[in-house]
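Structure first, then comments.
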Amino acid sequence: MATLKCPAHAPPPSEDAEQLRKAFEGLSSSLSNFNPFSDHFRLVIDTESYGKQMLPFAGWGTNEQMIIDILAYRNAAQRISIRKAYSEAYGEDLLKALEKELTRDFERVVLLFTLDPAERDAHLVNEATKKASSSSWIIMEVACARSSKELHAAKKYYHARYKKSLEEDVAHHTSGDYRKLLVPLVSAFRYEGDEVNLSLAKSEAKILREKISTKHYNDEEVIRILSTRSRAQLNATFNQYNSSIGNAINKDLKPESKDEYLKLMRDVIKCLTTPEDYFEKVLRQAINRIGSDDTAIIRVVATRAEVDMVRIKEAYQRRNSVPLEKAIAGDTSGDYKRMLLALIGAGDV
């Protein structure tokens, strides 16, 4: 249920790499044969970012729209091939070239999306371990919203890139209940099939009910269930929990007082069972806050465009009665807005 739109017959990677190089060279390349003393010495440029103004063409700018037209419409395998072709042709990593040419939120979303998914997840976790405890949610997303194969690939890349294990860094940079929950989650390798053991679901629903009713939220049995069972098995367990006491488990994990650990645990459950609802909430909170949280918007769009953004958009529409495209268009601008809208399959709004 991806929103990424790739052309049926994409150009070869070498051609995309060449076009990106031209985009970096901007107007100075395309107009290099003009006579600087002719009537064309000054060119009228009309863009959203700069407004209508007279600018000398020599050495001016980067063709951001060309970058969007290529990178926002290529899948992960194609982007890897483009990076390889660019490096072979120009002796430079495409990511380094993008860093030099782009700025601010537009740069961040282009760079994050261009990364290979495993490389991207490793980068996100590594950055999260350097920040405050609120970044525990980023670690949780990588652990719970990826398949076992994807999580394993991220951990393999992390080991190669940072010369230590992802689990090691998570354990080192977290503490207390956060560490107790997050380390098993990032260490998991869940069964991905649909088979369910109903008897097990009933017995583990009983364990969860007992531990939650006595407020033993960080009990090893609770964490064992959340960090080892398949998504299908967890859904069966939570259904049994609901049937036995008439309350959804997340409702029973909502204390009267603010408790960040319980908030994280509720989001673990939501991310494992209905990731589209979890990511809808992240986007809603990021867009609706005073001064939007662009880091969160970029992370969700870049990581879910090739996965389940169709479902996330549907969840956003149901929850907010506003299309996600309209919400993003009203909260962003310029090339940054165009890149986000392209990734969620909207185009200009």
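Every value quoted in this text rests on a predicted model; they were computed, and no experiment measured them. Below, all heavy atoms of this structure are taken into account, side chains as well, without hydrogens, waters or symmetry copies.
- In this structure, N320 contributes its side chain and V322 its backbone to no donor-acceptor pair below 3.5 Å.
- V307 and I138 fall into different hydrophobic clusters, defined by Ile, Leu, Val, Met, Phe, Trp and Tyr side-chain heavy atoms under 4.5 Å apart, directly or through other members.
- Side-chain N/O atoms of Y157 and D121 include no donor and acceptor closer than 3.5 Å.
- No continuous path of hydrophobic side-chain contacts links L324 to V310 [ILVMFWY only; heavy atoms under 4.5 Å].
- Between the side chains of R190 and T228, no donor-acceptor pair is found at a separation under 3.5 Å.
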- Going through the checks in order, is the side-chain contact (heavy atoms from CB on, under 4.5 Å) test met by N235 and V196? CA-CA 9 Å; N235 271 310; V196 167; over 6 Å; no
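- Between the N75 side chain and the Q78 main chain, a donor and an acceptor come within less than 3.5 Å of each other.
- Environment of CD in E220: sparse, with no more than 12 heavy atoms of neighbouring residues, nucleotides or ligands closer than 6.0 Å.
- No salt bridge links D267 with K270; every basic N to acidic carboxylate O contact stays at or beyond 4.0 Å.
- Across all non-hydrogen atoms, the minimal contact from A145 to C271 is CB-SG, 3.7 Å.
- Here the CE-CG distance, from M140 to L181, works out to 9.0 Å after rounding to the nearest 0.5 Å.
- Using a distance-only test at 3.5 Å, with no hydrogens or angles considered, no donor-acceptor pair links the side chain of N126 to the main chain of A122.
- For the atom pair CD of E15 and CG of L20, the computed distance is 11.0 Å after rounding to the nearest 0.5 Å.
- Residues R108 and D105 are paired through a salt bridge, judged by an N-O separation under 4.0 Å between the basic side chain and the carboxylate.
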- Task: Take F189 and S148, measure what side-chain contact (heavy atoms from CB on, under 4.5 Å) needs, and give me the verdict at the end.
- Result: CA-CA 5 Å; F189 196 89; S148 293; 3.8 Å; yes
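- Between N218 and Y261, the shortest heavy-atom contact is CA-OH, 3.6 Å.
- Side-chain atoms of E141 and Y278 include a donor-acceptor pair closer than 3.5 Å.
- Note that CG of D116 is 6.0 Å distant from CD of E119, once rounded to the nearest 0.5 Å.
- Between L166 atom CG and E168 atom CD the span is 10.0 Å, to the nearest 0.5 Å.
- No donor-acceptor distance shorter than 3.5 angstrom exists from the side chain of T274 to the backbone of D277, with no hydrogens or angles considered.
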- Item | Test log, rule side chain to side chain donor-acceptor pair (under 3.5 Å), inputs R231 and T273 | CA-CA 6 Å; R231 288 168 175 80; T273 56; over 6 Å; no
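- F113 carries R79 over the face of its six-membered ring, with the cationic atom under 6.0 Å from the centre and within 45° of the normal.
- Looking at R299 and W137, their side chains never come closer than 4.5 Å, going by heavy atoms from C-beta outward.
- Nearest heavy-atom pair, Y336 versus V109, reported as atom, atom and distance to 0.1 Å: CD1-CG1, 4.1 Å.
- Contact check on K313 versus E325 returns a salt bridge, with a Lys/Arg side-chain nitrogen under 4.0 Å from an Asp/Glu carboxylate oxygen.
- The residue from R83, R74, K22, R21 that alone fulfils the salt bridge (Lys or Arg N to Asp or Glu O under 4.0 Å) condition with D16 is R74.
- Within the 3.5 Å criterion, the main-chain N or O of V186 finds a donor-acceptor partner in the side chain of K155.
- Note that CG of L262 and CG of D252 are 11.0 Å apart. Values are rounded to the nearest 0.5 Å.
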- Derivation of the side-chain contact (heavy atoms from CB on, under 4.5 Å) call for D335 and L102: CA-CA 10 Å; D335 299 311; L102 310 181; over 6 Å; no
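- Tracing side-chain contacts under 4.5 Å through hydrophobic residues (I, L, V, M, F, W, Y), one never reaches I80 starting from L111; they form parts of separate clusters.
- With E204 contributing its side chain and A201 its backbone, the two residues share no donor-acceptor pair below 3.5 Å.
- Minimum heavy-atom separation, I67 to A23: CG1-CB, 4.0 Å.
- Residues E260 and Y178 form a side-chain contact, since some pair of their non-hydrogen atoms from C-beta on lies under 4.5 Å apart.
- One side chain, D169 or Y158, offers a donor N or O that lies under 3.5 Å from an acceptor on the other.
- Tracing side-chain contacts under 4.5 Å through hydrophobic residues (I, L, V, M, F, W, Y), one reaches I139 starting from I269; they form part of the same cluster.
- Of the possible polar contacts, none joining the E127 side chain to the L124 backbone as a donor-acceptor pair under 3.5 Å is found.
- Panel note: side chain D331, backbone A327; no donor-acceptor pair is recorded below 3.5 Å.
- Within the 3.5 Å criterion, the main-chain N or O of F238 finds no donor-acceptor partner in the side chain of N242.
- Side chains of L94 and E99 form no contact here, defined as non-hydrogen atoms less than 4.5 Å apart.
- Shortest non-hydrogen contact noted between K5 and G345 is NZ-O, 3.2 Å.
- Using a 4.0 Å cut-off between charged side-chain N and carboxylate O, K100 and E107 make no salt bridge.
- Residues D177 and Y217 form no side-chain contact, since every pair of their non-hydrogen atoms from C-beta on lies 4.5 Å or further apart.
- Between R104 and D294, none of the side-chain N atoms (NZ, or NE/NH1/NH2) sits under 4.0 Å from a carboxylate O, so this pair counts as no salt bridge.
- No side-chain donor from either of N250 and K254 sits under 3.5 Å from a side-chain acceptor of the other.
- Smallest separation of non-hydrogen atoms from L341 and A329: CD1-CB, 4.4 Å.
- Checked options M339, R338, K337; the residue passing with T332 is K337 (criterion: side chain to side chain contact (heavy atoms under 4.5 Å, CB included)).
- In this structure, L200 is not a member of the same hydrophobic cluster as I225, with clusters built from ILVMFWY side-chain heavy atoms closer than 4.5 Å.
- Using a cutoff of 4.0 Å between basic side-chain nitrogens and carboxylate oxygens, E221 and K211 are not scored as salt-bridged.
- Put simply, the side chain of R179 gets close to the backbone of A171: a donor and an acceptor are under 3.5 Å apart.
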- Task: Could you please spell out the steps behind the side-chain contact (heavy atoms from CB on, under 4.5 Å) verdict for S230 and E192?
- Result: CA-CA 6 Å; S230 71; E192 297 288 345; over 6 Å; no
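- You'll find the side chain of I212 reaches within 4.5 Å of the side chain of L253, heavy atoms only.
- The OG atom of S321 lies 6.5 Å from the CD atom of Q317; values are rounded to the nearest 0.5 Å.
- Looking at L198 and Q240, their side chains come closer than 4.5 Å, going by heavy atoms from C-beta outward.
- Annotation: side chain of T303 is in contact with side chain of R120 (closest heavy-atom distance under 4.5 Å).
- T129 places none of its side-chain heavy atoms less than 4.5 Å from the side chain of S135.
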